[in-house]
Asker: 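Please find one structure pasted underneath; my questions will follow.
Starting from 1, each residue takes its place in the sequence as its number. Bear in mind the structure is a predicted one, so any value in this text is a computation, not a measurement.
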Amino acid sequence: MSNNTNFEHIAPEKFAFVQMDSRLHDQKLETKSRSFFADAMLRFRKNKSSVIAAWILLFLILFSLLSPVLSPYSVNDKDKMYVNYPAYIPSIAEKGWGILDGARTYTSQNDNSLLYWRGIAEETGMEPVLGVVNTYVTTVLQRGQEVERYTYDLSINRYFAQGIMYWVFTYDEFAKIQEWQNETGIQVIYPYVESSDIQGITDNPNLWYEVDSNGTAVLDSDGNFIPVYSTNKSLEGAEYNSIRIEGDDGSYIYSAAKSGAVQCRICYYNYYQYLNGMEPTYLFGTTNLGQDLFCAVGAGARFSLIFAVAVSVINLFIGAVYGAIQGYYGGYVDMFMDRIVDILSGVPFIVVTTLFQLHLAQKVGVLGSFLFAFVLTGWISMASLTRKQFYRFKGQEFVMAARTLGASDSRLMFKHIFPNAIGTIITSCALVVPNVIRSETTITYLGIVDLSSYVGTTIGTLLSQGNAAVTTAPHTLLWPSLFLGLLMISFNLFGNGLRDAFNPSTRGVED
């Protein structure tokens with residue numbers, strides 16, 4: 001009774017009906033929902049090392065794409081004289097900054113060596129000696145007296161040190177070079193020197209001055225060289241009507257007849273300009289084949305990346321289908337297919353590659369057989385991973401619900417189960433790429449497969465060439481090694497970041 005009395009004291013206006021003309025429903029979320037991939041990217045960005053690795057990978061990919069385009073040479077351009085030469089950019093070298101000047105240190109150079117370099121500089125106008133690195137003084141006993149002898153470590157521009165060379169031209173080519181000299185004012189052909197005037201020395205075209213029996217320059221009373229250019233007109237191979245060196249009154253000859261052609265002394269640096277229309281320009285130096293290393297590293301890296309991605313995609317497709325069938329059906333199907341995997345897993349990769357190169361390459365080519373070698377067993381790890389993921393998800397409620405609604409096996413496999421495993425599979429595929437690059441580099445480094453005729457060069461080939469010349473030309477090993485090292489480290493860090501980002505157990509977790 002007391003309760004009724006309490007209700008009577010509540011004012012009628014306090015009572016009101018709620019939602020009389022509309023349905024009750026949940027309110028709209030104030031924040032936007034995130035997709036699985038957006039959530040994965042959010043977690044990936046928090047992994048600083050993986051983000052840095054991603055930027056390095058982007059730079060390396062851009063380098064591999066752009067360096068063959070930016071280089072003034074192609075990977076097939078090879079200069080047989082400039083082999084394993086250091087980096088050289090003429091416009092930077094002339095500034096004297098000590099970089100990109102084609103320099104190499106020549107040790108144990110004596111006074112006679114200084115005269116030799118001086119002879120090249122005076123004749124060509126190009127100073128090979130960039131500076132003295134070290135000077136050593138030794139005291140020796142000569143005829144009962146102590147005599148000081150000096151030796152030097154010199155920084156030498158290798159491109160200028162090439163100096164003069166003997167070259168044989170046809171008469172037409174000899175005439176064309178003269179025309180080019182007249183147009184440009186650049187001296188390519190230099191006066192001829194008979195070996196009888198330089199003590200019978202025939203293998204050193206840089207000797208244009210009088211020498212003694214040891215090949216040492218004989219100087220006049222003023223300390224100058226004594227030219228011995230030939231004036232023997234009966235020796236002349238072809239008439240010379242172009243620019244002449246300073247001091248030539250028209251008496252010097254510039255060629256000698258040789259088996260239906262003419263032999264000349266040429267300045268190779270200038271001859272290079274005649275052939276290529278520019279001075280030698282090598283940002284990374286040259287390889288042992290005379291290729292531009294900047295272009296060669298980019299071309300080799302581009303092939304490695306494209307090849308690795310192609311192998312990964314093919315193996316992903318084969319492995320995903322094979323592993324999906326294994327994991328979905330299980331039982332005897334899984335057991336039978338697993339035995340096939342066991343057999344293929346026991347085949348050594350190098351043996352497969354070698355046999356394919358010996359036999360299959362004759363039918364499908366070297367590159368095709370190399371690709372088959374990677375695909376033959378490369379999909380196995382992807383199939384195993386996919387199989388595990390299918391065993392993990394095929395018993396989940398959403399799969400059972402779809403099966404109850406009549407979904408076919410193929411729809412269950414690739415519409416419901418596979419998308420839930422795609423994160424892990426993508427991560428593994430990203431980690432497969434560096435493994436393929438490493439294997440491809442190892443095979444080409446060992447020389448089991450030679451792809452130079454197909455792609456110009458590869459990173460493995462460059463490493464093999466650089467290893468053979470590491471003591472005399474360390475740059476040939478430095479640049480491909482640096483690229484490969486950065487690529488491997490970056491891919492592994494990037495792959496680890498993807499693995500953590502696509503881990504379903506961490507979705508929605510804030511670090």
Side-chain angles (χ1 to χ4, degrees), residues 71-90 93 100-106 113 116-117 119-121 123-130 154-170 173-174 176-177 180-181 184 186-193 201-208 254-256 258 261-296 452 456-457 461-462 465-466 468-477 479:
S71 173
Y73 310 95
S74 76
V75 72
N76 295 318
D77 291 332
K78 301 172 183 178
D79 189 279
K80 62 181 180 181
M81 302 310 303
Y82 293 152
V83 172
N84 288 335
Y85 272 38
Y88 179 66
I89 304 294
L100 300 177
D101 54 5
R104 178 190 161 195
T105 300
Y106 283 52
S113 301
Y116 176 78
W117 300 122
I120 293 177
E123 185 174 37
T124 65
M126 304 173 189
E127 178 59 71
V129 180
L130 301 178
L154 302 178
S155 178
I156 301 292
N157 183 324
R158 291 205 66 190
Y159 295 85
F160 291 170
Q162 189 76 49
I164 303 295
M165 302 188 65
Y166 288 121
W167 215 267
V168 177
F169 296 110
T170 64
E173 188 67 15
F174 184 70
K176 290 179 181 178
I177 295 176
W180 185 83
Q181 287 185 156
T184 61
I186 300 175
Q187 188 90 39
V188 174
I189 305 172
Y190 281 73
Y192 198 75
V193 176
I201 299 173
T202 61
D203 60 349
N204 195 338
N206 283 304
L207 298 182
W208 55 275
Y254 286 75
S255 65
K258 189 176 182 67
V262 291
Q263 185 180 51
C264 309
R265 292 176 67 248
I266 65 166
C267 175
Y268 190 77
Y269 190 94
N270 292 341
Y271 181 59
Y272 184 96
Q273 296 183 67
Y274 164 76
L275 292 176
N276 299 281
M278 63 179 182
E279 297 180 73
T281 304
Y282 299 106
L283 183 60
F284 285 176
T286 63
T287 69
N288 73 335
L289 298 177
Q291 299 166 301
D292 176 26
L293 189 56
F294 176 73
C295 176
S452 299
T457 190
T461 302
L462 292 174
Q465 295 171 353
V470 65
T471 56
T472 57
H475 69 278
T476 57
L477 185 62
W479 294 113

Asker: Against L462, only a single residue in L289, T476, L293 fulfils side-chain contact (heavy atoms from CB on, under 4.5 Å); can you say which?
Answerer: L293
Asker: As an exercise, state the distance from OG1 of T286 to CG of N84, rounded to the nearest 0.5 Å.
Answerer: 6.0 Å
Asker: Who pairs with Y192 by ring-ring contact (aromatic ring centres under 6.0 Å, His included), at least two apart in sequence or on another chain?
Answerer: none
Asker: Who are the side-chain contact (heavy atoms from CB on, under 4.5 Å) partners of I186, not counting sequence neighbours?
Answerer: W180, T184, N270, Q273
Asker: From N288 CG over to T461 OG1, what is the distance, rounded to the nearest 0.5 angstrom?
Answerer: 10.0 Å
Asker: Output all residues satisfying side-chain contact (heavy atoms from CB on, under 4.5 Å) with L477, sequence neighbours left out; order by chain, then residue number.
Answerer: L463, V470, S481
Asker: Under a 4.5 Å cut-off applied to non-hydrogen side-chain atoms, are P86 and R158 in contact?
Answerer: yes
Asker: Once side-chain hydrogen bond (donor to acceptor under 3.5 Å, both in side chains) is applied, do any residues pair with D101, and if so which ones, sequence neighbours excluded?
Answerer: none
Asker: Which residues pass the ring-ring contact (aromatic ring centres under 6.0 Å, His included) test with F284, not counting sequence neighbours?
Answerer: F294, W479
Asker: My understanding is that only residues two or more places apart in sequence, or in another chain, count here; which of them pass ring-ring contact (aromatic ring centres under 6.0 Å, His included) with Y73?
Answerer: Y282
Asker: For T202, give me all partners under side-chain contact (heavy atoms from CB on, under 4.5 Å), at least two apart in sequence or on another chain.
Answerer: S195
Asker: Check for a donor-acceptor pair, side chain of Q263 on one end and backbone N or O of A256 on the other, with a separation under 3.5 Å.
Answerer: no
Asker: As an exercise, state the distance from CG of N206 to SG of C267, rounded to the nearest 0.5 Å.
Answerer: 9.0 Å
Asker: Going from CD1 on I266 to CD1 on I164, what distance comes out if it is rounded to the nearest 0.5 angstrom?
Answerer: 8.0 Å
Asker: Which residue pairs satisfy the salt bridge (Lys or Arg N to Asp or Glu O under 4.0 Å) criterion with at least one member in residues 263-283, sequence neighbours excluded?
Answerer: E123-R265
Asker: Look only at the side chain of H475 and the backbone of G466, and say whether a donor-acceptor pair between them is shorter than 3.5 Å.
Answerer: no
Asker: Could you grab the distance from atom OG of S113 to atom CG of L154, nearest 0.5 Å is fine?
Answerer: 7.5 Å
Asker: Which heavy atom in T457 sits nearest to a heavy atom in A296, and how many Å separate them?
Answerer: CG2-O, 3.4 Å
Asker: Who pairs with D79 by side-chain hydrogen bond (donor to acceptor under 3.5 Å, both in side chains), at least two apart in sequence or on another chain?
Answerer: Y268
Asker: How would you list, by chain and number, every residue that makes a side-chain hydrogen bond (donor to acceptor under 3.5 Å, both in side chains) with N157, sequence neighbours excluded?
Answerer: none
Asker: Taking the side chain as C-beta and beyond, is there a heavy-atom pair between R104 and I156 under 4.5 Å?
Answerer: no
Asker: Are side-chain heavy atoms of Y254 and C264 found at a separation under 4.5 Å?
Answerer: no
Asker: Does the side chain of Y269 reach to within under 4.5 Å of the side chain of M81, using non-hydrogen atoms?
Answerer: no
Asker: Not counting sequence neighbours, which residues clear side-chain hydrogen bond (donor to acceptor under 3.5 Å, both in side chains) with Y166? List them please.
Answerer: none
Asker: Evaluate the side-chain proximity of F160 to I120: yes if any heavy-atom separation is below 4.5 Å, no if none is.
Answerer: no
Asker: Where is the tightest heavy-atom contact between Q187 and I189, given as atom of each residue plus distance?
Answerer: NE2-O, 2.6 Å
Asker: Tell me, please, which residues at least two apart from E173 pass side-chain contact (heavy atoms from CB on, under 4.5 Å).
Answerer: F169, T170, K176, I177, Y274
Asker: Are any side-chain N or O atoms of N276 and backbone N or O atoms of M278, one a donor and one an acceptor, separated by less than 3.5 Å?
Answerer: no
Asker: With ring centroids as reference points, do Y271 and W167 lie under 6.0 angstrom apart?
Answerer: yes
Asker: Identify the heavy atoms of A93 and L100 that sit nearest to each other, and give their distance.
Answerer: CB-O, 3.6 Å
Asker: Mind checking whether P90 and T281 have side chains closer than 4.5 Å, heavy atoms only?
Answerer: yes
Asker: Could you pull out the closest heavy-atom pair between Y88 and P280, with the gap in Å?
Answerer: CD2-O, 3.3 Å
Asker: Run the ring pair (Phe, Tyr, Trp, His ring centres under 6.0 Å) test on Y82 and Y272 for me, step by step, so that the C-alpha distance in whole Å, both residues' side-chain angles and the decisive distance to 0.1 Å come before the verdict.
Answerer: CA-CA 10 Å; Y82 293 152; Y272 184 96; 5.4 Å; yes
